[in-house]
Amino acid sequence: MRCIPTRGSSSRAWMALATLLVSVLFIACREQRPIRAGATPPPPPPPPVESTPESIPAFPWPPPPASATEVLPNSMFEQHTHLSTLGNLNDALIAGLQTTGYFEKSYYAVPRGFALATRLEQISDDGTPKPPPDRWSAAAPHVESFSIKEYLHALLTDNPGYYRVVVFVVTDVPFSESGSQASMSEAQSWLTKGSNTLPASMASAPFGQNTVCTALIYEFSRSAGKEPGLLQPGHLDAHTHLVKSGLWTALGGTL
Amino acid sequence: MKLALKQCQQKLAILWLVGSAALFVLVFLQTTLGHFGSNASAAWGWLLPSILPTASLVVTALFKTSDAEGKIVERFLFRLAFLISLFYLVTVVLVLMLQPLTSTAPADALAHSHVYLGPFQGLVASCFGAFFGQTESHAGS
């Protein structure tokens with residue numbers, strides 16, 4: 001018996017053949033794409049971020065708005081040391097801080113650099129640190145050296161307390177301050193939440209041509225009947241803060 | 001030993017009026033010059049209940065006691081009432097004047113003083129009760 005192909009079976013055969021051809025072409029294209037001449041290979045996937053022992057907490061970035069800001073000239077530090085790595089600048093900062101009584105500090109990571117936060121200190125109206133132990137007290141101010149004038153002033157008028165946290169940001173990335181204002185308790189916590197030392201990997205990072213140290217001054221005021229709040233702008237400028245704290249000269253600046 | 005009631009009342013009234021006036025002036029200056037910031041009402045809310053009840057009692061007794069000239073009172077009771085009043089008023093003044101020497105916020109210092117000023121004020125009132133209750137007439141003596 002002779003089998004005569006019908007019109008329907010013929011079209012099914014052509015459809016199957018076309019499907020087979022398209023599949024073969026698709027597979028061939030996929031296999032040939034990586035070895036096609038002149039084509040750039042796809043970039044390797046980024047390595048997963050692993051928590052290394054050297055990783056330190058990150059500082060809020062961009063930094064919260066400060067009361068005052070000053071970019072310190074690198075020439076200040078170069079009087080004492082050659083700035084070839086970020087560690088050199090850190091050493092200069094530590095030396096200056098210790099000279100002026102800032103023995104407690106905390107390190108944070110910032111893009112392409114680090115931030116160094118000092119402990120919250122109580123300051124006088126002119127920016128001079130109060131003598132210890134009041135210097136490191138966040139309590140309301142009181143009369144330290146008794147004089148009739150100072151006592152009457154404290155007895156009758158509002159006697160606001162001023163408090164300061166200095167954060168040195170060392171990076172070659174330009175930044176602006178934004179975001180919500182830091183509270184006094186948040187600024188106090190910067191001392192404890194950061195790292196106690198600068199990791200070796202950060203310290204050995206080269207000091208780039210555009211790397212600068214920026215001093216962010218966070219100044220708080222505690223008035224009667226009010227919660228302590230950030231002064232923005234501060235009642236003193238950043239340079240006055242640095243000069244009155246002694247940091248300016250301790251870091252190599254000239255008056 | 002007995003003393004004339006009228007003279008005793010006058011001395012107590014002078015003590016309380018002078019003490020109250022001094023405290024009033026001090027708190028007035030403090031609230032006007034911003035010592036308490038936005039807590040000025042708390043300062044007055046602390047001062048007035050601390051002095052007004054006893055001061056009112058003393059002044060009212062001075063003018064309302066009938067036949068005060070003819071009455072006498074124990075010297076001990078008068079001295080007790082006078083000294084404890086003086087001690088109380090000095091304590092109230094010290095609450096205000098010592099606050100700048102401490103690290104306590106002004107409003108907090110006032111709030112903390114309620115702990116000891118309340119019972120102290122009760123003691124002052126008891127002394128006044130004894131003082132006015134023990135009066136007797138000259139004829140009786």
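Every chain is numbered from 1 and lettered A, B, ... according to where its sequence line falls, protein lines coming before strand lines. Bear in mind the structure is a predicted one, so any value in this text is a computation, not a measurement.
Leu155(A) has its side chain out of reach of Leu29(B): every pair of non-hydrogen atoms, C-beta onward, lies at least 4.5 Å apart. In this structure, the side chains of Asp158(A) and His35(B) stay at 4.5 Å or more apart for every pair of heavy atoms.
Under a 3.5 Å cut-off, the side chain of Tyr151(A) and the backbone N or O of Leu101(B) do not form any donor-acceptor pair.
The number of heavy-atom neighbours closer than 6.0 Å to CZ of Arg135(A), taken from other residues, nucleotides and ligands shown, is above 12. Phe76(B) CZ: 12 or fewer foreign heavy atoms inside a 6.0 Å radius. Atom CZ of Phe28(B) has 12 or fewer neighbouring heavy atoms from other residues, nucleotides or ligands inside a 6.0 Å radius. For His153(A), the NE2 atom counts as loosely surrounded, since its 6.0 Å shell holds 12 or fewer non-hydrogen atoms of other residues, nucleotides or ligands.
When every heavy atom of Leu156(A) is checked against every heavy atom of Leu33(B), the shortest pair comes out as O-CB, 3.4 Å.
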